[in-house]
Structures are given as structure tokens and as C-alpha cells.
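All values below come from the heavy atoms of this structure, side chains included, with hydrogens, waters and symmetry mates left out.
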Amino acid sequence: MQSSEENSVLTRMAEMRLVCEREIPIQQQRIDSLHTYYRNSFDSAKSDAQRTLQLQEELEKLKEEYREAEEALVKARAEKTRKAAKKMAIMESISAAQARVKELEGIVKDQGERKENYAAIISQQSEALAVAREKCQQKIEHTEQIEEAISWYNRVLGFRIECGHGVRFIFTNIDLKNPNEEYSFTIRHENEIYTLLTCDPQLNDTKELVYELNKSNGLFEFVRTMRVKFQEAASHGILPHGPSLDQDSSMISLSALVASVSTDHRYESPVKEKGLKFSESNSSSRKVGRGQTIRSPGSASLRRSSRLKGKS
């Protein structure tokens with residue numbers, strides 16, 4: 001059974017081979033004829049392409065000549081237009097010059113009148129300038145007085161201020177045994193409310209003092225009271241714990257510090273305002289070292305510095 005199937009397959013394959021052998025010459029002949037046809041077509045197309053290229057070169061030359069002629073025509077027209085525009089501009093310039101002459105005549109007349117008015121204004125401004133110079137000199141003298149007072153506070157009372165998250169008031173010359181010891185407290189003014197942030201050393205009745213400060217808005221009185229409290233603490237042997245971390249001075253300005261001060265541009269210093277004397281014995285001077293006496297600038301009227309003006 002298997003042998004008969006193999007013989008059948010072999011027979012079919014032999015028949016197909018004979019058919020292929022007969023078809024091969026026929027297909028080869030067709031391929032040769034197509035090759036000849038396409039070669040002739042290619043030669044013809046190549047000839048046409050070469051002719052086309054020659055015609056395109058001639059066309060480009062003609063176009064170039066046409067563009068040159070057109071550019072020459074445009075230049076000629078532009079030159080003609082430019083000359084016409086120049087002629088019109090000259091005529092307009094002449095007309096404008098005539099109008100300008102008339103205008104200048106009117107201006108000269110007007111300037112004569114203004115000169116007289118300006119002379120009067122200059123006279124008034126000179127008087128105002130003299131007054132302003134006098135005020136400036138007074139301001140310079142006032143600044144010198146403020147600097148002298150600040151120097152006195154720093155030198156005698158050992159008082160200075162640092163700004164950051166709050167305003168830190170620092171006192172030295174509190175403890176007679178150790179005058180360089182720093183006593184300090186930090187207060188913050190926000191939303192019209194004073195808040196005590198730190199106090200070194202800690203005091204017992206600070207809550208009541210801050211309550212009174214918010215009630216009376218008397219910052220100077222609060223600072224004086226805190227200094228007295230520090231002196232009492234020092235007399236009882238209570239010492240500060242040490243310096244705190246430096247504050248970021250860009251966080252708050254001193255303008256909020258004295259928002260409680262009157263908006264009048266003049267005020268008396270705390271020394272003269274209530275007749276207080278910054279010394280342990282309420283005398284008008286403070287002993288520094290042996291045989292040295294430094295007097296308070298309380299006798300001079302201190303005006304508020306522009307750095308300590310509260311914003312209205």
C-alpha cells in the first residue's frame with residue numbers, strides 16, 4: 001500500500017518536471033523580449049531627458065534675462081518716485097519752515113513773559129531753600145543729640161537692642177559684682193498686642209507686667225520696670241543663664257517697637273519725661289570705675305529717631 005502511494009507521488013513529480021522543462025525556454029524568451037523592450041524604452045527616455053535638460057537651461061537663461069530687465073524697470077520707477085517724493089518733501093519743508101518762523105516769533109514773545117514769572121518763582125524758591133537749609137541744619141543737630149544719647153545709654157546703662165523674631169532688650173551694668181553680665185528679654189509686637197517671648201533670667205511677675213503693657217501701651221515704662229526687676233533679681237543672686245542664639249535681623253523692623261509712642265515728631269527722653277535718674281541712688285550721675293562720673297544727657301531734649309517711628 002505504501003509502495004503504491006510512493007510510486008504515485010514520483011509519477012506526479014516527473015510529470016511536473018517535464019512541464020517545467022517545457023515552460024523554462026518559453027519564459028526565458030519572454031524575459032529576453034521584455035529586457036529588449038525596456039532597454040529601448042530607457043534609451044528613448046534618456047534621450048528625452050537630455051533634451052529636456054537643454055531646454056531647461058535655455059529657459060533659465062531667458063528667466064534670468066527677464067528678471068534683470070524687470071529689476072532695471074523697478075529701479076527706474078523707484079528713482080522716478082524718489083525724485084517726486086524729494087520734490088514734495090522740499091516743498092513741505094519750505095512750508096514747515098515758514099510756519100516754524102511764525103511759531104518762534106510767538107514763542108519769543110511768550111518766553112519774555114515767562115522770564116518775568118520765573119524770576120518771581122526763583123525768588124520764592126530761594127527763600128524756601130533757605131528755610132529748608134535751616135531745617136536741615138536743625139535735623140543734623142538733632143541727629144547728633146540722638147547719637148549722643150544712644151552712646152550714653154550704651155556706655156552708662158549698658159543698654160542695646162537687637163531685632164529678629166522679636167525685639168531683644170539687653171542690659172549690662174545690672175549686677176555690681178559682675179557689670180558685664182547680660183540681662184535680657186525679648187518682646188514681640190504683632191496685631192497691636194505685645195508678647196513676651198523670652199526673659200533671661202526668668203522673673204515671677206512678667207505676666208502682670210505684659211498685661212499692664214498691653215493695657216497702657218507704655219513701652220518705655222515697661223522697659224524701665226524690667227530693668228528694675230533685673231536689678232532686684234541680681235541683688236538676690238539670680239543670674240542669667242547665658243546668651244541666646246542670634247536673631248535673624250531681617251524678620252522685624254524697629255518701627256513696630258515704638259508703636260505706643262505718640263506720633264508727635266518731638267518727645268522728651270525717658271530721663272526728662274518723668275524725672276527718672278539712671279543710677280542706683282537716684283542721683284543725676286553714675287559712677288564708672290574709681291573717681292569717674294558720667295552724666296546723663298537727660299538735660300537735652302531728645303526727639304524720636306526716624307528708625308523708631310511707628311507706622312501710622
Side-chain angles (χ1 to χ4, degrees), residues 142-190 194-203 206 209-210 213 218-234 238-261 267-274 276-280 284-289 292-298 300 302-310:
H142 164 59
T143 303
E144 292 175 352
Q145 292 176 359
I146 291 177
E147 291 177 353
E148 179 185 357
I150 292 174
S151 175
W152 183 87
Y153 275 106
N154 292 334
R155 185 175 64 254
V156 179
L157 298 182
F159 172 70
R160 71 179 191 274
I161 294 174
E162 293 179 357
C163 295
H165 295 285
V167 181
R168 185 178 177 218
F169 295 83
I170 303 171
F171 300 93
T172 56
N173 297 337
I174 296 293
D175 190 351
L176 297 179
K177 297 178 181 179
N178 190 4
N180 293 326
E181 192 75 47
E182 290 187 354
Y183 292 72
S184 66
F185 67 90
T186 304
I187 195 168
R188 185 172 183 178
H189 183 267
E190 187 176 11
Y194 290 96
T195 305
L196 184 65
L197 302 181
T198 62
C199 183
D200 186 20
Q202 291 291 335
L203 302 177
T206 54
L209 294 175
V210 174
L213 171 62
L219 181 59
F220 288 137
E221 181 65 27
F222 177 79
V223 174
R224 287 194 291 267
T225 304
M226 289 296 290
R227 189 174 190 277
V228 172
K229 294 293 183 181
F230 284 147
Q231 289 174 338
E232 294 176 354
I238 301 175
L239 300 178
H241 299 295
S244 61
L245 296 176
D246 293 338
Q247 301 189 72
D248 182 2
S249 59
S250 64
M251 294 298 294
I252 187 170
S253 67
L254 280 175
S255 60
L257 170 62
V258 289
S260 61
V261 182
Y267 77 97
E268 300 297 327
S269 69
V271 179
K272 189 175 180 181
E273 180 184 358
K274 295 193 176 183
L276 296 178
K277 311 299 180 182
F278 290 98
S279 66
E280 296 296 334
S284 61
S285 63
R286 180 181 182 88
K287 298 291 182 179
V288 179
Q292 295 181 353
T293 302
I294 300 177
R295 295 194 174 276
S296 164
L302 297 180
R303 301 175 181 85
R304 182 171 53 181
S305 168
S306 60
R307 292 178 58 193
L308 295 178
K309 288 185 179 180

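Listed by chain and residue number, Leu196, Asn214, Phe222 satisfy the side chain to side chain contact (heavy atoms under 4.5 Å, CB included) test with Val210 (two or more places apart in sequence, or in another chain). The salt bridge (charged side-chain N to carboxylate O under 4.0 Å, His left out) search around Glu144 returns none, not counting sequence neighbours.
Side chain of Asp200 to backbone of His241: a donor-acceptor contact under 3.5 angstrom is found.
With rounding to the nearest 0.5 Å, the separation of CD1 in Ile174 from CD in Glu182 is 11.0 Å. The CG atom of Leu176 sits 13.0 Å away from atom CD of Glu181, with the distance rounded to the nearest 0.5 Å. Expressed to the nearest 0.5 Å, how far NE2 of His165 lies from OG1 of Thr186 amounts to 10.5 Å. How far CZ of Phe159 is from OG1 of Thr172: 10.5 Å, rounded to the nearest 0.5 Å. With rounding to the nearest 0.5 angstrom, the CD1 atom of Ile187 is 7.5 Å from the OG1 atom of Thr195.
Residues Met226 and Leu203 are in side-chain contact: their nearest non-hydrogen atoms beyond the backbone lie under 4.5 Å apart. Here the side chains of Lys229 and Leu209 are in contact, with some heavy-atom distance below 4.5 Å. Considering only heavy atoms from C-beta on, Arg227 stays 4.5 Å or farther from Val223 through its side chain. Side-chain contact between Ser184 and Phe230 is absent, with no heavy atoms from C-beta onward closer than 4.5 Å.
When all heavy atoms of Arg168 and Ile170 are compared, the closest pair comes out as NH1-CD1, 3.5 Å.
Classified by interplanar angle (parallel below 30°, tilted 30° to 60°, perpendicular above 60°), the ring pair Phe169/Phe185 is parallel.
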